[in-house]
Protein chains: 2
Amino acid sequence: MEQTETLVQAGSAVEKTVELIGGKWKGLILYHLIAGEARFNQLRRLIPGVTQRMLALQLRDLEKDGLITREEYKMTPRRVGYRLTELGRSLTPVILLMKTWGEQYSASIAK
Amino acid sequence: MEQTETLVQAGSAVEKTVELIGGKWKGLILYHLIAGEARFNQLRRLIPGVTQRMLALQLRDLEKDGLITREEYKMTPRRVGYRLTELGRSLTPVILLMKTWGEQYSASIAK
DNA sequence: TCATCTGGTTACAAGAACGGTACCTCATCT
DNA sequence: AGATGAGGTACCGTTCTTGTAACCAGATGA
């Protein structure tokens with residue numbers, strides 16, 4: 001059964017994607033960055049409920065995984081901008097499809 | 001900024017989707033069920049590394065969330081089949097898109 | 001001088017997720 | 001009688017994730 005390996009890799013690809021956007025706030029962050037660059041506190045305001053700590057952690061993760069870039073502007077008050085990398089942008093259809101599905105799902109269970 | 005609420009809900013829909021397929025083996029299970037019904041031990045064989053316990057747990061979760069159904073056939077040896085519900089099947093494009101993206105991602109970082 | 005804004009970090013703790021091992025049931029096979 | 005296959009559950013421990021709260025730094029405004 002040499003096919004097993006192929007199937008595993010195919011499946012693992014799904015898991016890989018889930019791993020990258022599976023954090024509690026990552027989907028939300030990526031969704032907001034689709035619109036363009038955002039600053040730290042701007043994201044905090046866009047995502048009610050997220051704490052400084054969690055936002056910072058998830059942004060580090062996304063950066064480490066190559067989905068977003070961090071850009072520090074030398075000005076005062078300090079300004080740091082986050083934006084999608086090309087790879088991150090390639091995830092847009094996935095995010096939007098998940099958003100669409102999630103909305104329909106919510107509609108279908110909250111009957 | 002009344003828009004915030006709209007954005008939040010849109011974002012939360014993404015999180016909702018992640019929540020449902022975010023378990024360590026759920027993506028894999030759903031992926032295999034796209035092909036059709038599968039039995040418990042068949043899934044075990046298709047998903048190397050999963051333990052009985054974890055497979056059972058994740059199947060319960062998916063069932064609870066209405067993505068799959070469990071059907072017990074009265075025969076011997078005992079047979080239990082799992083298959084996607086209509087809702088679960090509606091997730092197919094998402095799973096496949098995540099699989100495609102995951103494969104490309106793996107290719108783009110394993111340079 | 002003190003507070004404020006931006007963008008963080010660190011310490012600590014609780015809870016959820018995950019994993020290993022063992023055990024169970026029913027029926028057939030040997 | 002004992003082993004085997006299918007499909008689980010129970011118990012227990014570890015690790016991962018998330019959260020709370022406090023603190024830090026540079027520069028500016030009151």
Side-chain angles (χ1 to χ4, degrees), chain A residues 1 8 11-12 14-30 32-33 36-65 67-83, chain B residues 1 8 11-12 14-30 32-33 36-65 67-83:
Chain A
M1 215 184 269
V8 169
S12 295
V14 181
E15 306 305 328
K16 192 59 82 182
T17 307
V18 170
E19 239 173 73
L20 296 182
I21 65 184
K24 179 148 180 199
W25 309 97
K26 289 182 189 171
L28 226 21
I29 294 171
L30 292 171
H32 287 300
L33 290 184
E37 184 176 288
R39 283 170 296 108
F40 188 85
N41 282 332
Q42 195 176 1
L43 285 171
R44 260 182 97 181
R45 269 175 254 117
L46 286 169
I47 307 175
V50 75
T51 59
Q52 254 183 338
R53 172 186 144 73
M54 284 312 298
L55 183 55
L57 280 178
Q58 307 261 306
L59 285 169
R60 293 294 158 273
D61 263 19
L62 291 170
E63 196 191 353
K64 168 180 69 58
D65 290 330
L67 297 181
I68 64 172
T69 51
R70 194 185 109 105
E71 202 155 354
E72 204 156 335
Y73 302 110
K74 299 291 181 204
M75 50 166 67
T76 173
R78 198 179 165 193
R79 240 144 229 266
V80 179
Y82 294 93
R83 57 171 68 224
Chain B
M1 217 183 262
V8 169
S12 295
V14 181
E15 306 307 328
K16 191 59 83 182
T17 307
V18 170
E19 240 173 72
L20 295 182
I21 65 183
K24 179 146 180 201
W25 310 96
K26 290 183 189 170
L28 226 22
I29 294 170
L30 292 171
H32 288 301
L33 290 183
E37 185 176 286
R39 285 172 296 108
F40 189 85
N41 280 331
Q42 198 176 358
L43 285 170
R44 261 182 97 182
R45 269 176 255 115
L46 285 169
I47 307 175
V50 74
T51 59
Q52 256 183 335
R53 173 186 143 72
M54 284 312 298
L55 182 55
L57 280 178
Q58 307 262 304
L59 285 170
R60 294 295 158 269
D61 262 21
L62 291 171
E63 197 192 352
K64 169 181 69 60
D65 290 331
L67 298 181
I68 66 172
T69 52
R70 195 187 110 104
E71 202 156 355
E72 204 155 334
Y73 302 109
K74 299 289 180 203
M75 50 164 67
T76 171
R78 193 180 170 194
R79 242 144 228 266
V80 179
Y82 292 93
R83 60 171 65 224

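Throughout, a chain's letter reflects where its sequence line sits, starting with A, and its residues are numbered from 1.
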I need a per-nucleotide contact map over nucleotides 11-30 of chain C, read 5' to 3'. Cutoff is protein heavy atoms under 4.0 Å; write B for the base, S for backbone only, - otherwise.
B------BBB------SS--
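Residues satisfying the side chain to side chain donor-acceptor pair (under 3.5 Å) test with B:Gln52, not counting sequence neighbours, are none. Taking the side-chain contact (heavy atoms from CB on, under 4.5 Å) definition, one finds that B:Leu55 meets it with B:Ile29, B:Phe40, B:Leu43, B:Arg44, B:Val50, B:Leu59, sequence neighbours left out. Contacts of B:Thr51 classified as side-chain contact (heavy atoms from CB on, under 4.5 Å), with partners at least two apart in sequence or in another chain: B:Arg53, B:Met54. Residues meeting the side-chain contact (heavy atoms from CB on, under 4.5 Å) test with A:Lys26, sequence neighbours left out: A:Gln58, A:Asp61, A:Leu62.
The nearest pair of heavy atoms linking B:Arg39 to B:Gln42 is N-OE1, 2.9 Å. Closest approach of A:Leu33 and A:Ala38 over heavy atoms only: CD2-CB, 3.8 Å. Of all the heavy atoms in A:Leu46 and A:His32, the pair that sits closest is O-NE2, 3.7 Å.
In this structure, A:Glu63 atom CD and C:dG7 atom P are separated by 14 Å, rounded to whole Å. In this structure, the CZ atom of A:Phe40 is 15 Å from the C1' atom of D:dA25, given to the nearest Å. In this structure, CD of B:Glu72 is placed 9 Å from P of D:dG7, rounded to the nearest angstrom. For A:Ile47 and D:dT18, the CD1 to P distance is 13 Å, given to the nearest whole Å. The CZ atom of B:Arg79 sits 10 Å away from the C1' atom of D:dG5 (whole-angstrom rounding). One atom, CG of B:Leu43, and another, P of D:dA6, lie 13 Å apart when rounded to the nearest Å. D:dG7 atom C1' lies 13 Å from atom CD of B:Gln42, rounded to whole Å. Following rounding to the nearest Å, B:Leu55 (CG) and D:dT9 (C1') show an atom-to-atom distance of 14 Å.
Using a 4.5 Å heavy-atom threshold, the side chains of A:Arg60 and A:Arg70 count as touching.
Within 4.0 Å (heavy atoms only), B:Arg44 reaches no atom of the nucleic acid at all.
Of the possible polar contacts, one joining the A:Glu15 side chain to the B:Leu28 backbone as a donor-acceptor pair under 3.5 Å is found.
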With the criterion being N/O to N/O and under 3.5 Å, what pairs connect the protein with nucleotides 1-4 of chain D, and how long is each?
none

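Within the 4.0 Å cut-off from OP1 or OP2 of C:dG8, at least one side-chain nitrogen or oxygen of A:Tyr82 is found. When the side-chain nitrogen and oxygen atoms of A:Arg60 are compared with OP1 and OP2 of C:dG8, one or more of them lie within a distance under 4.0 Å.
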